[in-house]
Amino acid sequence: LPTPQRFRRAIAAAMPSQRTVSASPSSPTSGSDSDFEVRDDCLQVKSIAKSFAHYKVPLLVTIIGEIVFCSCMYEHALRAREEGQSMPGHVEDRLGLSDDYWTVFWTFLIARILIVVLWRASAFGGQDSHYAAFFMLFSTFQWVFYLGAYYVLQEELTGLVWNPNVMVQANDTHLAIQDTAMFKCINANGTLACRNQMNAAVVCKELFDPALCSGFTWIGATGDFQKCCVKNFYSLKRPADIVGIPPIIISMTTLSSILQWVAVLAMKWILEKNPLLSGNPGGQFVAGASVDILDAVIFANYLLHNKVLYPKYGIDKSGGAALADDSSFNLLVLTWLLAITTSTLAPAVYTFFRGVDSDTPNKVRTFQGALGDLTQSMRMLRSGASHKLVDEAIKLQLEQYCQESGGHAEVHQVAVSAPEGADSDEESANIESSLNMKMQADISMLAASSSVPESGVAKHMEGGMYQVIFDADGRKETVDITRLKPIIKRQAGPLAQGCCQGWCSGARSAHDSFDHFAEILDSIRSLFLLELPFFLWRYHFEIDSLAIDSWNVIVMGKNVVWGLHDLLVILTCNNPSATIFGYTPLATLSAMINGSAMSSVWVGPAGFFRIAADFTAVSVKRTMETDMKNLDTHKAWLLVEREKLLHDGHAVGMDSVALFDAAIARNAVNISDLQERIDMVHT
């Protein structure tokens with residue numbers, strides 16, 4: 001009979017770690033060759049202390065922040081209800097949100113503890129990502145309630161105050177102000193002596209109308225009185241928001257601003273440092289979600305903006321009475337709730353469906369992911385890690401090029417150089433001599449300038465040999481790789497053939513299909529539920545006072561840039577190689593966002609001098625840059641062709657690889673020589 005599970009674990013605990021133990025047929029406990037197999041790594045007990053070692057401080061800060069938020073909101077609501085009874089506008093906590101703060105706090109805290117216990121016991125047979133998703137959800141979603149309840153409660157505790165104004169204006173009915181009684185009085189006696197000249201100083205601006213006025217007063221002199229309108233002008237007022245215990249006293253408005261950033265940090269920490277998925281949080285998808293959450297938290301301040309509260313309370317732009325309309329406020333609340341809710345749920349849903357364990361390596365490592373990590377590592381000045389990431393990014397880019405190509409069946413438009421003499425062949429074999437290589441490169445460049453290579457279409461045959469069909473006469477010839485140079489096709493115009501391709505077709509590389517599809521869905525969510533509506537609302541609120549140096553320009557710019565990025569991901573089906581007019585907009589925009597190009601902006605007079613100097617240097621080097629691009633393209637083509645040869649699944653002779661190595665070495669010498677000349681121009 002099979003050994004009971006408990007007995008298996010006892011045996012595994014007694015075995016040396018990191019070993020696989022199989023029962024032999026001769027063992028007394030063995031009944032057949034198919035008996036149990038004990039693996040220590042499968043039966044390891046999950047360590048809570050080890051998993052939470054890097055998350056202890058963030059967890060402590062998060063819990064303290066929640067306790068402070070709940071306590072202060074409860075105290076604030078109690079004081080506001082008492083003071084709000086003297087103001088109209090239904091100043092009360094009708095929904096009982098202040099009491100729900102503590103209910104939500106304890107519910108979500110107990111839920112997190114329960115999830116950790118279930119994860120520790122591997123209950124229900126779930127993977128680590130399943131438990132991590134629920135732990136992430138119950139560590140972030142309570143902040144959605146805290147923030148949402150704060151703004152809703154602030155609106156509920158908002159009351160009306162009013163100030164009656166007599167609708168009068170200065171008496172300037174005479175042709176000249178000097179002829180008025182008030183002017184003459186002040187000019188002769190001063191302001192104190194003329195304070196009783198009120199009736200002579202003003203006239204009625206708006207006569208009394210029972211349908212429009214709140215009251216009236218008489219304005220004028222004896223025999224010439226006017227029944228003048230008195231209007232109430234309204235404004236919004238909230239009860240005193242002082243909270244705390246003496247001597248620590250702070251306004252709830254200030255405290256909420258601080259706790260907003262605590263909320264952002266708490267959600268960012270759990271997204272990027274999930275203790276149940278230590279070392280494997282999910283890459284760019286989860287890390288990028290904190291940007292949307294930060295934007296949503298900042299945007300929430302508009303929920304208390306007078307442009308939506310005034311219509312809700314029946315106040316027009318000037319402060320007068322108007323018909324109450326809460327449609328704008330309700331639409332704004334709905335926009336914000338959808339944005340922050342989906343931004344918080346998205347990483348949890350993504351983590352749940354990943355189906356990985358904490359010790360499972362990432363399923364795929366892409367060039368874009370390595371490039372993002374490289375940028376972060378360089379910002380943190382990690383020299384060693386940056387060099388490793390550079391090598392990894394180059395390797396991944398080479399693999400992506402190979403995957404996106406048509407394999408050995410692919411044909412290439414090439415230029416074929418004339419075969420070299422025996423002496424030249426002997427020199428090309430001596431690659432170890434850098435002097436000979438440089439002399440050979442110079443001779444090759446001179447020969448190239450005096451003879452025009454023939455063009456044709458090349459297709460790989462075997463090893464380093466290609467069959468070329470020449471364009472001029474259609475003849476076929478087998479040539480080696482050292483004589484071939486790719487021809488870069490230039491677009492004849494913005495509407496030339498092939499100017500727009502790769503859209504709505506998806507990436508052709510072997511990226512992880514789950515991550516690929518998840519990024520498309522997340523871009524749809526981000527564009528239509530956050531970036532686009534946030535930009536339109538911000539434009540509505542800030543258009544009257546928008547300045548180029550204001551914070552609102554930065555956040556609106558974020559909505560534009562990220563919204564454009566999301567749109568490109570959707571239209572290209574997340575294909576970074578999609579082109580339009582010969583450009584790859586998605587790849588370019590992604591590199592700009594990940595690389596923080598704004599950090600290179602020069603400011604001040606020194607910046608202008610630097611710009612002028614750079615412009616001059618670029619003008620001089622422009623003629624050389626085309627040659628450098630051609631050499632770089634030639635090298636990249638050689639590397640891709642060699643990589644395809646090495647990974648085609650067949651035996652590759654050393655002579656074939658040597659041909660590619662010789663061509664690559666010759667190209668490297670040419671690049672080095674041209675770079676020296678470019679550097680001389682730069683200096």
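Reckoned from all heavy atoms, side chains included, excluding hydrogens, waters and symmetry mates.
Salt-bridge check for Asp515 with Arg354: failed, with every basic side-chain N at 4.0 Å or more from each acidic carboxylate O. Between Glu392 and Lys388, none of the side-chain N atoms (NZ, or NE/NH1/NH2) sits under 4.0 Å from a carboxylate O, so this pair counts as no salt bridge.
Distance alone, capped at 3.5 Å, places no donor-acceptor pair between the Asn330 side chain and the Ser327 backbone. When atom types are taken as modelled, the side chain of Trp143 and the backbone of Val264 share no donor-acceptor pair closer than 3.5 angstrom. Listed for the Ser251 side chain is a donor-acceptor partner under 3.5 Å among the backbone atoms of Thr254.
With sequence neighbours excluded, no residue satisfies ring-ring contact (aromatic ring centres under 6.0 Å, His included) with Tyr539. Legend: residues meeting side-chain hydrogen bond (donor to acceptor under 3.5 Å, both in side chains) with His130, ordered by chain and number and at least two apart, are absent. Scanning for ring-ring contact (aromatic ring centres under 6.0 Å, His included) contacts around Phe108 gives Phe138, with sequence neighbours left out. For Phe528, the side-chain contact (heavy atoms from CB on, under 4.5 Å) partners are Ile524, Ile570, not counting sequence neighbours. Take Ala385 and apply the side-chain contact (heavy atoms from CB on, under 4.5 Å) test, not counting sequence neighbours, and it matches Ser377, Arg382. In this view, Thr335 and Trp537 satisfy the side-chain hydrogen bond (donor to acceptor under 3.5 Å, both in side chains) rule, not counting sequence neighbours. Annotation: ring-ring contact (aromatic ring centres under 6.0 Å, His included) contacts of Tyr150 (sequence neighbours excluded): none. In terms of the side-chain contact (heavy atoms from CB on, under 4.5 Å) criterion, residue partners of Asp566 (sequence neighbours excluded) are, by chain and number, Ser523, Ser526, Leu527, Glu531. Contacts of Tyr234 classified as ring-ring contact (aromatic ring centres under 6.0 Å, His included), with partners at least two apart in sequence or in another chain: none. For Leu564, the side-chain contact (heavy atoms from CB on, under 4.5 Å) test picks out Leu568, Leu589, with sequence neighbours left out. By the salt bridge (charged side-chain N to carboxylate O under 4.0 Å, His left out) test, Asp295 is found to be paired with Arg538, Lys558, residues two or more places apart in sequence or in another chain being considered.
Atom OG in Ser256 sits 7.0 Å away from atom CD in Gln154 (nearest 0.5 Å). Residue Trp162 holds its CH2 atom at 15.5 Å from CZ of Phe233, rounded to the nearest 0.5 Å. To the nearest 0.5 angstrom, Leu332 atom CG is 10.0 Å from Tyr302 atom OH. Annotation: the span from Asn574 atom CG to His516 atom NE2 amounts to 5.0 Å, rounded to 0.5 Å. Residue Asp316 holds its CG atom at 11.5 Å from CG of Leu323, rounded to the nearest 0.5 Å. Note that CZ of Arg525 is 4.0 Å distant from CG of Asp522, once rounded to the nearest 0.5 Å.
More than 12 heavy atoms of other shown residues, nucleotides or ligands fall within 6.0 angstrom of atom CD1 in Ile543.
Looking at Leu276 and Asp128, their side chains never come closer than 4.5 Å, going by heavy atoms from C-beta outward. A 4.5 Å side-chain heavy-atom check between Asn559 and Leu532 finds every atom pair outside the cut-off.
Between Phe105 and Phe69, the gap from one ring centroid to the other reaches at least 6.0 Å.
Residue pairs meeting the side chain to side chain donor-acceptor pair (under 3.5 Å) criterion with at least one member in residues 56-71, sequence neighbours excluded, are Glu66-Arg112, Glu66-Gln142, Glu66-Tyr146.
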